[in-house]
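Note that these values count all heavy atoms, side chains included, but never hydrogens, waters or copies made by symmetry.
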Amino acid sequence: DLTEAQDPYIARKIEGTMTVPCYLDKPGCPPGASMHYASKKGLWVPSQLPGNVINVKFYCNIPRSAMAAPARPSLYGHGLLGEATEVNQGQLRRMSQEHNMVFCATPEIGMADEDIGNAATILQNFSTFNTFPDRLQQGMLDGLYLGRLLIHPKGLSADPNFKSPEGASVIDPSHLYYDGNSQGGIFGGALTAVAPDFTRAVLGVPGMNYSLLVWRSTDFSSYLGITKPAYKSALDRELIINVMQTPWDRGEGNGYAQHMTTDPLPGTPAHQ
């Protein structure tokens, strides 16, 4: 709990963990793991190793306004190789209070800060690239679980940490939303297409596809310094970046764009 002097917008910050089924091939879904398949013949449907789960961190900010009236819940998507703690940034805290919204975030694993080491490995050996989009798909599942927790009657709204001093829930579970920026806008496009629980999303400063965007990133010069010793030919590097878009489609907006709005995937609603 925060005093108004400590934060004029946020009354309470909550950090927690949730347990999500892991569909990668290593216990706990660590960076560098890839999708686990029970069979590599036919459909290549991902499967769960017996009992394999991932313990996922999440962060929620409850605005002062929610102590008087339940707030609308929204997921938040962080920036490039960033952290879920970006939910604490100033403009988002102000938005929480001004529009009475509870924002919660979980790492976009696959491209979160904890994946930087694996990214460096891939830049030196692109034959391991599948571990990137595979873990991104697990990250999408993590996001969907957090969304369900926000609106389920036995979820966060039933937890004492999400109640006002009078004992009322600070969450209005009638609608869930998504708001993401930069990488959160790209990743959020894919998440929106597969989301069963929210129908409205804000994709801020987004884009697709990564193979087009990556060269234009202000961060890429540092990545290129890792890649050049392993792939000395500029032509090879150009070819590899373009070829790897095909598996990358599984974990970013480019592969889901046709289902993002009016042609929803099975089991999902149309989205705006």
Note to self: Would you say that Leu213 contacts Ile186 through its side chain, given a criterion of any heavy-atom pair below 4.5 Å between the two side chains?
What the structure shows: yes
Next item on the list: Decide, yes or no, whether a salt bridge links Arg135 with Glu114 under the criterion of side-chain N to carboxylate O below 4.0 Å.
Entry: yes
Notebook entry, point to check: So, Asp249 versus Asn209: side-chain donor-acceptor pair below 3.5 Å or not?
Noted result: no
Next item on the list: Apply side chain to side chain contact (heavy atoms under 4.5 Å, CB included) to the pair Ile62 and Met67, showing each step before the final yes or no.
Entry: CA-CA 8 Å; Ile62 299 172; Met67 295 300 176; 4.1 Å; yes
Next item on the list: Would you indicate whether the side-chain heavy atoms of Thr19 and Asn55 approach each other to under 4.5 Å?
Entry: yes
Notebook entry, point to check: Going only through I, L, V, M, F, W and Y residues with side-chain contacts under 4.5 Å, is there a path from Val243 to Tyr231?
Noted result: no
Check: Parallel, tilted or perpendicular: which fits the ring planes of Trp248 and Phe132, with parallel below 30° and perpendicular above 60°?
Finding: perpendicular
Notebook entry, point to check: Heavy atoms, side chains only, cut-off 4.5 Å: are Glu108 and Asp115 in contact?
Noted result: no
Notebook entry, point to check: Would the number of heavy atoms belonging to other residues, nucleotides or ligands and lying under 6.0 Å from NZ of Lys57 be above 12?
Noted result: no
Next item on the list: Locate the shortest heavy-atom distance separating Pro269 from Pro264; write the atom from each residue and the value.
Entry: O-CB, 3.3 Å
Item checked: Over 12 foreign heavy atoms within 6.0 Å of CZ, Arg64 -> yes
Check: Is it true that the side chains of Ser34 and Asp25 contain a donor and an acceptor less than 3.5 Å apart?
Finding: yes
Next item on the list: Drop me the distance from Leu92's CG to His78's NE2, to the nearest 0.5 angstrom.
Entry: 13.0 Å
Margin query: Let me confirm one number: the OH-CD distance from Tyr59 to Glu86, rounded to the nearest 0.5 Å.
Written below: 11.5 Å
Item checked: Lys/Arg-Asp/Glu bridge criterion (N-O < 4.0 Å) met for Arg250, Asp134 -> yes
Next item on the list: Might you point out which heavy atoms bring Lys232 and Arg237 nearest each other, and give the distance in Å?
Entry: O-NH1, 3.2 Å
Check: What distance do Ser182 atom OG and Leu203 atom CG have between them, rounded to the nearest 0.5 Å?
Finding: 12.0 Å
Margin query: When you measure from the side chain of Gln97 to the backbone of Ile10, do you find a donor-acceptor pair of N or O atoms at a distance under 3.5 Å?
Written below: no
Note to self: Exactly one of Thr128, Asn130, Leu123 should register a side chain to side chain contact (heavy atoms under 4.5 Å, CB included) with Phe126. Which one does?
What the structure shows: Leu123
Margin query: Would you say that Leu24 contacts His36 through its side chain, given a criterion of any heavy-atom pair below 4.5 Å between the two side chains?
Written below: no
Notebook entry, point to check: Are any non-hydrogen side-chain atoms of Val194 and His259 less than 4.5 angstrom apart?
Noted result: no
Checklist line | Reported CG-to-CD1 distance for the pair Asp1 and Ile14, which is rounded to 0.5 angstrom | finding: 8.5 Å
Next item on the list: Decide side chain to side chain contact (heavy atoms under 4.5 Å, CB included) for Asn100 and Arg72; before the verdict, give the C-alpha distance in whole Å, the side-chain angles of both, and the deciding distance to 0.1 Å.
Entry: CA-CA 6 Å; Asn100 198 28; Arg72 293 174 292 169; 5.8 Å; no
Notebook entry, point to check: Does Arg12 reach the main-chain N or O of Lys163 with its side chain, forming a donor-acceptor pair under 3.5 Å?
Noted result: yes
Next item on the list: Kindly indicate, with the supporting measurements, whether the criterion side chain to side chain contact (heavy atoms under 4.5 Å, CB included) is fulfilled by Glu238 and Trp215.
Entry: CA-CA 9 Å; Glu238 183 74 39; Trp215 299 108; 3.9 Å; yes
Check: Does the side chain of Asp197 come within less than 4.5 Å of His152's, by heavy atoms?
Finding: no
Check: How are the rings of Tyr178 and Phe198 set to each other: parallel, tilted or perpendicular (split at 30° and 60°)?
Finding: parallel
Item checked: Sub-4.5 Å side-chain heavy-atom contact between Ile122 and Met244 -> no
Margin query: If hydrophobic clusters are built from ILVMFWY residues whose side chains come within less than 4.5 Å, do Ile151 and Leu141 share one?
Written below: yes
Note to self: Is there a path of hydrophobic side-chain contacts, each under 4.5 Å between heavy atoms, that joins Phe220 and Met111?
What the structure shows: yes
Next item on the list: Would you name the heavy atoms of Val87 and Ala105 that are closest together and state the gap between them?
Entry: CB-CB, 4.0 Å
Check: Can a donor-acceptor pair be found between the side chains of Asn181 and Tyr76 at a distance below 3.5 Å?
Finding: yes
Notebook entry, point to check: Is Leu212 reachable from Leu239 through a run of I, L, V, M, F, W or Y residues, each pair having side-chain heavy atoms under 4.5 Å apart?
Noted result: no
Margin query: Tell me if a side-chain donor or acceptor on Gln183 pairs with a main-chain N or O of Gly82 at a distance below 3.5 Å.
Written below: no
Next item on the list: Starting at CD of Gln245, measure out to CG of Asn254 and round the result to the nearest 0.5 Å.
Entry: 5.0 Å
Note to self: Run the side chain to side chain contact (heavy atoms under 4.5 Å, CB included) test on Met140 and Phe187 for me, step by step, so that the C-alpha distance in whole Å, both residues' side-chain angles and the decisive distance to 0.1 Å come before the verdict.
What the structure shows: CA-CA 8 Å; Met140 291 161 64; Phe187 177 87; 3.6 Å; yes
Checklist line | For Ala38 against Ser47, the heavy-atom pair lying closest together | finding: N-OG, 3.0 Å
Next item on the list: Indicate yes or no for a side-chain donor-acceptor contact from His175 to the backbone of Arg200 under 3.5 Å, with no hydrogens or angles considered.
Entry: no
Check: Mind checking whether Leu146 and Val56 sit in one hydrophobic cluster, side chains of I, L, V, M, F, W, Y counted as touching below 4.5 Å?
Finding: yes
Checklist line | Closest contact, heavy atoms only, Pro133 versus Pro247 | finding: CB-O, 3.2 Å
Next item on the list: Give, for atom CZ of Phe103 and atom OG of Ser74, the distance between the pair rounded to the nearest 0.5 Å.
Entry: 4.5 Å
Next item on the list: Provide the closest heavy-atom pair for Cys60 versus Leu156 in the form atom of the first, atom of the second, distance.
Entry: SG-CD1, 4.4 Å
